[in-house]
Amino acid sequence: MKLVLRVCMLLFFSVPAVLASPGAVRCGKLVDVRTGKMLVDQMVVFDETGTITAVGAATSANLPKGVTPIDLSGSTCLPGLIDVHTHLTSDPNMNGYEGLGVSFPREAIIGAKNANKTIRAGFTTVRNVGAGGFSDVALRDGINAGDIPGPRMFVSGPALGITGGHCDNNLLPFEFHYKEEGVADGPWAARAKVREVVKYGADLIKVCASGGVLSKGDLPGTPQYSLEELTAIAEEAHKLGRKVAAHAHGTQSIKDAIRAGIDSIEHSSLIDDEGITLAKQHHTYLVFDIYNDDYILGEGAKVGMLPESIEKEKKLGRLQRENFRHAFQSGAKIAFGTDSGVYPHGDNAKQFAKMVEWGMKPIDAIQAATINAADLIGQPDKLGALEPGHYADLIAVSGDPLTDVKALQSVPFVMKGGAVIRNDAAAK
Ligand SMILES: [Zn+2]
């Protein structure tokens, strides 16, 4: 009886998220993210699998029988946004020593809260690059099963790193003998670690190539993994059909990671001209998290970040923004990633205005968070555009994000796979 009840409850709660019905959305305006054109009075039609079947002029739309379109004629539609660098299971208020008290199950629950905040902010897909205890795998699977609301997640599990490096944990003294589960030194240990995280559910591999800001005792500009180790990791991951994201602030590590064949450089803070040229030659995406500098310098001390972390950020923040502008203007491929979890989840879209302030047009920043991000994730035919064959992941805003990108900071309508997550727009 109890089991029957549980099965019934499961069916009841999973239906809306798992099974959609055919539907349509009428958009007053629609941003064509490939061309940057603003289209007017468009209809987006999708089927019961949550896949778009048609996009075109609303007046000539061929609607499936019985479908009444959701009326967003006063709004501007875009594809669901994508953030390729999140930490949904991290709480921005639990830093430094306070973070040591967070268990893996607790991390998963923190992740459930933040997954909801993130999708309600219009981010229907994220690439989560680093989480403890495979809490990100649990979160992804819970969302996919319809247990909790959240974005489509592509997850890395624990980040690979050297002993004592940015992706180890260096807060406790020797007698605790503590190390993070992603620590692996040497090419073969690193290959074994890739196999292990894939075994437990990782969609991609995250590796810490250089030092970092929010870690103790290391320097962001110095290399950690060697070229030999990075090459082994990239080779092993690609052999297993996984892409690799490398945390790299330092000039040398950025180049080593690109030469190793890694797919994206995270942070990219101290990239030089040679690094930019290499990124273009190797088609490597650069991800610059240029919003959170303001948050770390403004709020970091209050939320327990170590004094040394704040000092490191002071040295890096402005250089990273200048190098973002230079890399973009030099023609490097840029994907939108913010390092959410360092700053509060749900504020992801605040980075768009920074990207525009530092040299992009609004459409460039929007492309970074749609078609470019989809390409980096390896799903260019399913994500990042409102086109037949893509998931019906759609957001709507008031105003014109092509002239004022801050319009993306308030997203009243969110749909994922044809299922409406929030709709505060239709009445307006
Ligand atoms: Zn990160």
Side-chain angles (χ1 to χ4, degrees), residues 84-90 99 104 107 127-137 140 153-171 178-220 222-250 252-268 284-285 287 289 337 339 341 376-378:
V84 301
H85 192 128
T86 67
H87 301 279
L88 295 187
T89 65
S90 296
F104 294 148
E107 256 195 68
R127 198 178 63 151
N128 207 74
V129 285
F134 295 92
S135 52
D136 51 353
V137 169
R140 175 199 66 195
M153 287 186 75
F154 295 86
V155 307
S156 72
L160 274 63
I162 66 162
T163 296
H166 175 63
C167 286
D168 196 356
N169 189 317
N170 312 319
L171 294 167
Y178 180 76
K179 66 173 179 182
E180 284 290 341
E181 68 238 61
V183 169
D185 296 304
W188 274 104
R191 280 183 189 266
K193 191 58 80 173
V194 169
R195 293 169 185 174
E196 188 185 314
V197 298
V198 168
K199 170 178 174 175
Y200 293 112
D203 301 303
L204 71 141
I205 301 301
K206 165 81 180 291
V207 52
C208 287
S210 83
V213 172
L214 300 179
S215 42
K216 186 180 173 211
D218 65 341
L219 299 169
T222 59
Q224 294 193 344
Y225 269 129
S226 67
L227 176 60
E228 189 188 7
E229 288 168 312
L230 292 169
T231 305
I233 291 166
E235 237 181 65
E236 192 66 31
H238 290 160
K239 180 164 68 66
L240 300 176
R242 293 338 191 251
K243 292 197 176 197
V244 188
H247 158 109
H249 290 286
Q252 185 59 46
S253 293
I254 291 168
K255 294 180 211 178
D256 287 347
I258 296 170
R259 287 193 173 107
I262 280 169
D263 304 277
S264 69
I265 305 299
E266 310 298 308
H267 310 296
S268 313
T284 315
Y285 273 99
V287 178
D289 51 330
D339 219 356
L376 170 55
I377 286 174

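Keep in mind the model is a prediction, meaning the values are calculated, not measured. Note that the numbering runs from 1 along the sequence shown for the chain.
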Y178, OH atom: more than 12 neighbouring heavy atoms under 6.0 Å: yes
Ignoring hydrogens and geometry, is there a side-chain-to-backbone donor-acceptor pair from N170 to K216 under 3.5 Å? yes
Under 3.5 Å, is there a donor-acceptor pair between the side chain of D168 and the main chain of V183? no
For a 4.5 angstrom cut-off between non-hydrogen side-chain atoms, does S226 reach D256? no
Are the side chain of D203 and the backbone of V155 linked by a donor-acceptor contact shorter than 3.5 Å? yes
Would you call the rings of H247 and H267 parallel, tilted or perpendicular, taking 30° and 60° as the class edges? perpendicular
Electrostatic pair K193-E236, nearest N-O below 4.0 angstrom: no
Polar side chain donor-acceptor pair, E266 to S264, under 3.5 angstrom: yes
Kindly give the heavy-atom pair with the smallest separation between N128 and L88, and that separation in Å. OD1-N, 2.8 Å
State, to 0.1 Å, how close S210 and Q224 come at their nearest heavy-atom pair, and which atoms those are. O-OE1, 3.5 Å
Determine whether V197 and K206 make a side-chain contact, defined as any pair of heavy atoms from C-beta on separated by less than 4.5 Å. no
Taking all atoms of both residues into account, what is the closest heavy-atom pair of A131 and T89, and its distance? CB-OG1, 3.5 Å
Is any side-chain heavy atom of E181 less than 4.5 Å from a side-chain heavy atom of F104? yes
Should we count NZ of K179 as having more than 12 external heavy atoms under 6.0 Å? no
